[in-house]
Protein chains: 2
Amino acid sequence: MKFVMTKSTPARIAIADFLSSSAYPVDIGSIIRFLRSKNLKTNKVTVYRTIDFLLQEDLVKRVEFGEGKYRYELQKDHHHHLICTNCKKIEDVEGEYLRDLESKIRNKKGFLVKNHSLEFFGICKQCQQ
Amino acid sequence: MKFVMTKSTPARIAIADFLSSSAYPVDIGSIIRFLRSKNLKTNKVTVYRTIDFLLQEDLVKRVEFGEGKYRYELQKDHHHHLICTNCKKIEDVEGEYLRDLESKIRNKKGFLVKNHSLEFFGICKQCQQ
DNA sequence: GTCACTGCAAAGGCTTTGCATGTAC
DNA sequence: GTACATGCAAAGCCTTTGCAGTGAC
């Protein structure tokens, strides 16, 4: 992944790398742990500010899984998440399932949907066995 | 609304009243403000503990609107929310739109959906004018 | 050399915990 | 009287802010 940042610094490069290599949304803590594992003694404030920058540039998306904190992932094709409440694994579900619904909402309620959050909580295949 | 609580106290009664009279999910702060307006000098910890109790009894549902805090509403017919990003007004959308989708997820991914979060963000009718 | 980024310390908001006191029953 | 609920203080997380110092360009 390449960011169009005004300045390219070790912290930003590492955060970009981590987001690129993460299959699923990560929280600030795991970013910091990654940076430490690379012996980059980055401050958490830098992480927050880098994420803010990426959010504003619309390179990153913020999601919530009911944990009392945010998670972040690179913008990619529209998708949602399957979150196993047992083992905490996260899977993707691709698709634009709500497009028709959003038109209906427009027609019935006059409400213009700009975006939505949709996450599924349940038990993954492995944990059912 | 009537709670099946082991003990009925002024704080619990007032919180139940407030939740019953709230058309949309409320945060802890607004519950406390309501209690103060009724001259009940309830501690916020009591509010949190009452909400915890109601969540465990499945009388209340917890939702997130990307605000960095939780909101709570009485359990009622399955529905989702339209959140105006301009005036912050919240509307309901009734319906079980995702039932088919959840079966598909079951068949395709083997993931058993127990519940989901779905909220729509956009511009309400009034704010479009 | 400049301007943007970083680090540190501190604070702010939401939520939880421990423990002694109070109260519904 | 007893078990449960409350209040207070304190702490735990996550996140944000201010300001001085550093580094990318």
Side-chain angles (χ1 to χ4, degrees), chain A residues 2-19 22 25-36 38-57 59-73 83 88 117, chain B residues 1-19 22 24-36 38-57 59-73 83 88 117:
Chain A
K2 56 172 189 293
F3 291 163
V4 185
M5 293 188 288
T6 47
K7 286 185 187 177
S8 188
T9 65
R12 292 185 161 193
I13 291 163
I15 294 171
D17 284 351
F18 184 56
L19 287 170
S22 299
V26 296
D27 61 12
I28 298 290
S30 65
I31 297 174
I32 292 172
R33 263 174 268 124
F34 173 82
L35 295 171
R36 296 222 200 292
K38 295 286 178 189
N39 291 316
L40 287 165
K41 42 180 163 26
T42 312
N43 190 278
K44 69 182 167 200
V45 176
T46 300
V47 177
Y48 276 106
R49 285 197 274 231
T50 301
I51 291 290
D52 283 348
F53 171 83
L54 297 173
L55 284 170
Q56 278 173 27
E57 298 295 314
L59 294 167
V60 157
K61 193 181 175 206
R62 193 175 77 178
V63 295
E64 292 178 297
F65 292 170
E67 303 167 298
K69 66 185 171 186
Y70 297 119
R71 286 176 176 264
Y72 307 89
E73 68 182 343
I83 301 137
K88 313 301 176 197
S117 70
Chain B
M1 158 189 205
K2 56 173 188 292
F3 291 165
V4 185
M5 292 189 290
T6 48
K7 288 186 186 177
S8 187
T9 65
R12 291 185 162 192
I13 291 163
I15 293 170
D17 285 351
F18 184 56
L19 287 170
S22 299
Y24 304 108
V26 297
D27 60 13
I28 298 290
S30 64
I31 297 174
I32 293 172
R33 263 174 267 124
F34 172 81
L35 296 169
R36 295 222 200 295
K38 296 285 178 191
N39 290 316
L40 288 165
K41 38 180 164 28
T42 313
N43 191 278
K44 71 183 168 202
V45 176
T46 299
V47 177
Y48 276 106
R49 286 197 273 230
T50 301
I51 291 290
D52 283 347
F53 171 83
L54 298 172
L55 284 169
Q56 278 173 26
E57 297 295 315
L59 295 168
V60 156
K61 192 180 177 209
R62 192 175 77 179
V63 295
E64 292 178 296
F65 292 170
E67 303 166 297
K69 65 183 172 188
Y70 297 119
R71 286 174 176 265
Y72 308 89
E73 66 182 343
I83 300 136
K88 313 301 178 196
S117 71

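Quick caveat: nothing in here was measured; it's all calculated off a predicted structure. Every chain is numbered from 1, with letters handed out A, B, ... down the list of sequences.
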K.L.:
Could you tell me whether the phosphate oxygens of C:dT6, OP1 or OP2, come under 4.0 Å of any side-chain nitrogen or oxygen in A:Arg12?
P.N.:
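Looking at the OP1 and OP2 atoms of C:dT6, one of them is under 4.0 Å from a side-chain N or O of A:Arg12.
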K.L.:
For A:Tyr72, what residues pass the ring pair (Phe, Tyr, Trp, His ring centres under 6.0 Å) criterion, not counting sequence neighbours?
P.N.:
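Once residues adjacent in sequence are excluded, A:Tyr72 has no partner under the ring pair (Phe, Tyr, Trp, His ring centres under 6.0 Å) criterion.
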K.L.:
Starting at atom CZ of A:Arg62, determine the distance to atom C1' of D:dC14, rounded to an integer number of angstrom.
P.N.:
12 Å
K.L.:
Picking from D:dT6, C:dC25, D:dA9, which would you name as closest to the side chain of B:Ser8?
P.N.:
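From the listed options, C:dC25 comes nearest.
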K.L.:
Quick one: B:Tyr70 OH to C:dT16 P, roughly how many Å, whole number?
P.N.:
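Rounded to whole Å, this separation is 7 Å.
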K.L.:
Identify each atom pair where a protein N or O and an N or O of nucleotides 19-22 of chain C are less than 3.5 Å apart, giving names and distance.
P.N.:
none

K.L.:
Looking only at the side chain of B:Thr46 (C-beta and beyond, no hydrogens), which of the listed nucleotides D:dT6, C:dT15, D:dC8 gets closest?
P.N.:
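My answer, after comparing the listed nucleotides, is D:dT6.
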K.L.:
5'-most contact on DNA chain C: B:Pro10 or B:Glu67, nearest heavy atom basis?
P.N.:
B:Glu67
K.L.:
Look at the side chain of B:Tyr48 and decide which nucleotide, out of C:dT16, C:dC5, D:dG7, has an atom nearest to it.
P.N.:
C:dT16
K.L.:
Starting at CG of A:Asn43 and ending at C1' of C:dA9, how long is that distance when rounded to a whole Å?
P.N.:
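Taking atom C1' of C:dA9 as the reference, CG of A:Asn43 is at 10 Å.
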K.L.:
Supply the atom-to-atom distance B:Ile15 CD1 to B:Thr42 OG1, rounded to the nearest 0.5 angstrom.
P.N.:
6.5 Å
K.L.:
Taking CG from B:Leu35 and P from D:dT6, how many angstroms apart are they, rounded to a whole number?
P.N.:
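About 11 Å, once rounded to whole Å.
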K.L.:
Output yes when a side-chain donor or acceptor of B:Arg71 lies under 3.5 Å from a complementary backbone atom of B:Tyr24, and no otherwise.
P.N.:
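No: the side chain of B:Arg71 does not pair with the backbone of B:Tyr24.
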K.L.:
To the nearest Å, give me how far apart CD1 (A:Ile13) and P (D:dG23) are.
P.N.:
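Taking atom P of D:dG23 as the reference, CD1 of A:Ile13 is at 15 Å.
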K.L.:
List the steps, then state whether side-chain contact (heavy atoms from CB on, under 4.5 Å) holds for A:Thr9 with A:Thr46.
P.N.:
CA-CA 11 Å; A:Thr9 65; A:Thr46 300; over 6 Å; no
K.L.:
If you only use heavy atoms from C-beta on, which nucleotide in C:dT6, D:dT15, C:dT16 is closest to the side chain of A:Thr9?
P.N.:
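Between C:dT6, D:dT15, C:dT16, the one nearest the side chain of A:Thr9 would be C:dT6.
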K.L.:
Just checking A:Lys41: base, sugar-phosphate only, or nothing, at a heavy-atom cut-off of under 4.0 Å?
P.N.:
sugar-phosphate
K.L.:
Can you figure out which of D:dC25, C:dT6, D:dT15 approaches the side chain of A:Lys44 most closely?
P.N.:
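Minimum distance to the A:Lys44 side chain belongs to D:dT15.
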K.L.:
From CG of A:Asp27 over to P of D:dC14, roughly how many Å is that when rounded to an integer?
P.N.:
7 Å
K.L.:
For B:Gln56 and D:dC4, what is the distance between atoms CD and C1' respectively, to the nearest whole Å?
P.N.:
14 Å
K.L.:
From NZ of B:Lys69 over to C1' of C:dT15, roughly how many Å is that when rounded to an integer?
P.N.:
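The answer, rounded to whole Å, is 13 Å.
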K.L.:
For B:Arg62 and A:Gly66, indicate whether the former's side chain and the latter's backbone hold a donor-acceptor pair under 3.5 Å.
P.N.:
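Looks like yes, one N/O pair under 3.5 Å.
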K.L.:
Please list all pairs meeting salt bridge (charged side-chain N to carboxylate O under 4.0 Å, His left out) that have one or both residues in residues 38-49 of chain A, counting only residues at least two apart or in different chains.
P.N.:
none
K.L.:
In Å and rounded to the nearest 0.5 Å, what is the CG to CG distance from B:Leu55 to B:Asp52?
P.N.:
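That separation rounds to 6.0 Å.
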